S.K.: 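Got a structure for you, questions after.
Naming convention: chains lettered A, B, ... in sequence-line order (proteins, then strands); numbering from 1 in each chain. Note that the structure is a prediction, hence the values are computed from the model and not measured. The basis for the numbers below is simple: all heavy atoms, side chains too, and nothing from hydrogens, waters or symmetry mates.
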Number of protein chains: 2
Amino acid sequence: MSTVHLVDDDEAIRDALSWLLRSRGIASRSWPSAEAFLADYDSEMRGCLVLDIRMEAMSGPELFDRLRALGCRMPTLFLTGHGDIPQAVAALKNGAFDFIEKPCHDNRLADRVQEALALDTELSRREASRLTVRERVHSLTGREREVMDAILAGKLNKVIAAELNIAMRTVEVHRARVFEKMGVKSAVELAQALALAGREE
Amino acid sequence: MSTVHLVDDDEAIRDALSWLLRSRGIASRSWPSAEAFLADYDSEMRGCLVLDIRMEAMSGPELFDRLRALGCRMPTLFLTGHGDIPQAVAALKNGAFDFIEKPCHDNRLADRVQEALALDTELSRREASRLTVRERVHSLTGREREVMDAILAGKLNKVIAAELNIAMRTVEVHRARVFEKMGVKSAVELAQALALAGREE
DNA sequence: GCCGCCATTGTGGATTTCCGCAACCCCGGG
DNA sequence: CCCGGGGTTGCGGAAATCCACAATGGCGGC
């Protein structure tokens, strides 16, 4: 699953890199162009990206932007032979994981790739738990969501009842169902679950 | 308060930049060397840093590292005449706000400076609230902290009492004092206050 | 030795929360 | 027309929280 996705139009480089990675026990797959990769891209892909900056037709940064637009969040390393500073700055500020000049020490590159893979693993874990919470929130009915918001605002059931113009008993029922659907046992856990899932990107 | 702190060993550049900023209504102050700035540095300073990369004696990045070690978190823009990519990459990965080559469009630089100032304002706000929470936590006695942790773990008073081998009444007292000292009225608010202050850096 | 802070506990009552049991209304499908 | 889901409500009781009032003991500092 955790794979290095290599996009470079120079076959010699693709081969050299995939060999280097294999020697470290890292799986990789290569594409000769941005277009080719886009055609194969699947949001389930896990691992990291290693993109050449200059390629015929679509460039590495452009591919990166397209992938981001598609929701891809894999850590991305850019490789360049003749890059300039604005390019590097733009890439990093756009969220690239690294920007490396060719040629470079094999070890340095492989190390960074490994860090990128580790980061992806971590990000995937967080993304998964965030997704779980989102799904659960989505499974709530409208009324339940209203009640949940009020609970998170620290309001007492009686206050919530007054605000929504319903009986306290009804609030209790919604409250119980919110806890049940969200998989928590108390308001504190609910707050923490949402805080963890909502923030910290 | 919000001031641009300019460090460059070229007086002409210092003058040009401070003039440019003044024309935008932005206050600035200049230093001719990293050492001079360090001597004046005060952790209360607010605003952003604009550092020249290459200077006699201490370089911009080195100054940046020293300041970080001192707790300075002001957004930092690096200016360079002859920088290379690894330098730019290293600076940004170290948390620099931007890395700009001289010469550059005045507008571009001034715009970025303004963004940096805005970021500092936002960071200062968050830092302040985080500090408040930390102080409050610090004002808790040992027992109160233990009880607070248990509350955040969603435990019932009776359970907490059993774990700490004390009467439930005592837990209630601690609980009340925790809420009071932390400035919240419910466990939910407590959880949220800590979640906001602890995470999201 | 007295004072203040911290930790501790008890009593008793007002308030809230949590729940099982039972219902009713409305509405969109099959 | 019956069924299911969503929203609603009542009753009543067990359990928990919240609090005012009251009090004891230890410990470090003046």
Side-chain angles (χ1 to χ4, degrees), chain A residues 129-198, chain B residues 129-198:
Chain A
S129 74
R130 213 175 326 174
L131 211 60
T132 301
V133 174
R134 280 202 209 295
E135 276 171 16
R136 289 176 175 177
V137 170
H138 188 262
S139 79
L140 297 177
T141 64
R143 219 40 165 168
E144 284 161 0
R145 227 175 315 244
E146 285 183 85
V147 172
M148 184 177 76
D149 291 342
I151 291 173
L152 291 175
K155 295 170 186 165
L156 295 179
N157 285 351
K158 60 153 48 175
V159 177
I160 302 174
E163 286 182 357
L164 298 181
N165 280 313
I166 55 181
M168 229 179 68
R169 185 67 183 90
T170 309
V171 176
E172 291 171 26
V173 172
H174 288 317
R175 185 191 189 97
R177 208 170 280 302
V178 166
F179 285 176
E180 184 194 326
K181 286 187 178 176
M182 296 298 293
V184 299
K185 290 191 309 298
S186 68
V188 179
E189 285 179 52
L190 179 66
Q192 290 176 335
L194 289 175
L196 281 177
Chain B
S129 74
R130 214 176 324 175
L131 212 60
T132 300
V133 174
R134 281 201 209 296
E135 275 171 16
R136 288 177 175 177
V137 170
H138 188 262
S139 79
L140 297 177
T141 65
R143 221 38 166 172
E144 284 162 2
R145 227 176 314 246
E146 286 184 84
V147 172
M148 183 177 78
D149 291 342
I151 291 173
L152 292 175
K155 295 171 186 164
L156 294 179
N157 285 352
K158 60 152 50 175
V159 177
I160 301 174
E163 287 182 357
L164 298 181
N165 280 311
I166 54 180
M168 227 179 69
R169 184 66 185 88
T170 309
V171 176
E172 289 172 27
V173 173
H174 289 316
R175 185 191 189 97
R177 207 171 281 303
V178 167
F179 285 176
E180 184 194 327
K181 286 187 179 176
M182 296 298 294
V184 299
K185 292 192 309 299
S186 69
V188 179
E189 285 179 53
L190 179 66
Q192 290 176 336
L194 289 175
L196 282 177

S.K.: If every non-hydrogen atom of Ala191(B) is compared with every non-hydrogen atom of Val188(A), which pair is closest and at what distance?
M.R.: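 Scanning both residues completely, I find the closest heavy atoms to be CB-CG1, 4.1 Å.
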S.K.: Checking Lys158(A) now: which residues fulfil side-chain contact (heavy atoms from CB on, under 4.5 Å) with it, not counting sequence neighbours?
M.R.: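 For Lys158(A) the side-chain contact (heavy atoms from CB on, under 4.5 Å) partners, ignoring immediate neighbours, are Leu156(A), Met168(A).
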S.K.: Can you give me the first and the last nucleotide of DNA chain C (5' to 3') that has an atom within less than 4.0 angstrom of a non-hydrogen atom in chain B?
M.R.: dC6(C) to dT11(C)
S.K.: Tell me which residues in residues 137-154 of chain B lie within less than 4.0 Å of DNA chain C, going by non-hydrogen atoms.
M.R.: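 Nucleic-acid contacts, sorted: Thr141(B), Gly142(B), Arg143(B).
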S.K.: If the sugar-phosphate is the primed atoms plus P, OP1 and OP2 and the base is the rest, what is the B/S/- string for nucleotides 11-20 of chain D, using protein heavy atoms under 4.0 Å?
M.R.: B----SSBBB
S.K.: Does the side chain of Arg134(A) come within less than 4.5 Å of His138(A)'s, by heavy atoms?
M.R.: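 SC-SC contact between His138(A) and Arg134(A) ruled out.
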S.K.: Kindly write out the residues that satisfy side-chain hydrogen bond (donor to acceptor under 3.5 Å, both in side chains) with Glu180(A), not counting sequence neighbours, or none if the list is empty.
M.R.: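 side-chain hydrogen bond (donor to acceptor under 3.5 Å, both in side chains) check on Glu180(A) returns nothing, list empty.
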S.K.: Does any non-hydrogen side-chain atom of Lys185(B) lie less than 4.5 Å from one of Leu190(B)?
M.R.: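 Not touching, per the 4.5 Å side-chain cut-off.
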S.K.: What donor-acceptor contacts under 3.5 angstrom involve side-chain atoms of residues 141-154 of chain B, with partners at least two apart or in another chain?
M.R.:
{"from": "Thr141(B)", "atom 1": "OG1", "to": "Glu144(B)", "atom 2": "N", "distance (Å)": "3.4"}
{"from": "Thr141(B)", "atom 1": "OG1", "to": "Glu144(B)", "atom 2": "OE1", "distance (Å)": "3.3"}
{"from": "Arg143(B)", "atom 1": "NH1", "to": "Glu146(B)", "atom 2": "OE2", "distance (Å)": "3.0"}
{"from": "Arg143(B)", "atom 1": "NH2", "to": "Leu164(B)", "atom 2": "O", "distance (Å)": "3.4"}
{"from": "Glu144(B)", "atom 1": "OE1", "to": "Thr141(B)", "atom 2": "N", "distance (Å)": "2.8"}
{"from": "Glu144(B)", "atom 1": "OE1", "to": "Lys181(B)", "atom 2": "NZ", "distance (Å)": "2.9"}
{"from": "Arg145(B)", "atom 1": "NH1", "to": "Val137(B)", "atom 2": "O", "distance (Å)": "3.0"}
{"from": "Arg145(B)", "atom 1": "NH2", "to": "Leu140(B)", "atom 2": "O", "distance (Å)": "2.9"}

S.K.: Which residues pass the side-chain hydrogen bond (donor to acceptor under 3.5 Å, both in side chains) test with Gln192(A), not counting sequence neighbours?
M.R.: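 Gln192(A): no side-chain hydrogen bond (donor to acceptor under 3.5 Å, both in side chains) contacts found.
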S.K.: In degrees rounded to 10°, what angle is found between the helical axes fit to the five outermost pairs at each end of the helix from dG1(C)-dC30(D) to dG30(C)-dC1(D)?
M.R.: 30°
S.K.: Tell me, do Glu163(B) and Lys155(B) make a side-chain contact under 4.5 Å, heavy atoms counted?
M.R.: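 Yes, at least one pair of side-chain atoms sits under 4.5 Å.
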S.K.: If you take all heavy atoms of Val133(B) and Ala193(B), which pair is closest and at what distance?
M.R.: CG2-O, 4.2 Å
S.K.: What side chain to side chain donor-acceptor pair (under 3.5 Å) pairs are there with at least one residue in residues 167-177 of chain B, not counting sequence neighbours?
M.R.: Asn157(B)-Arg175(B)
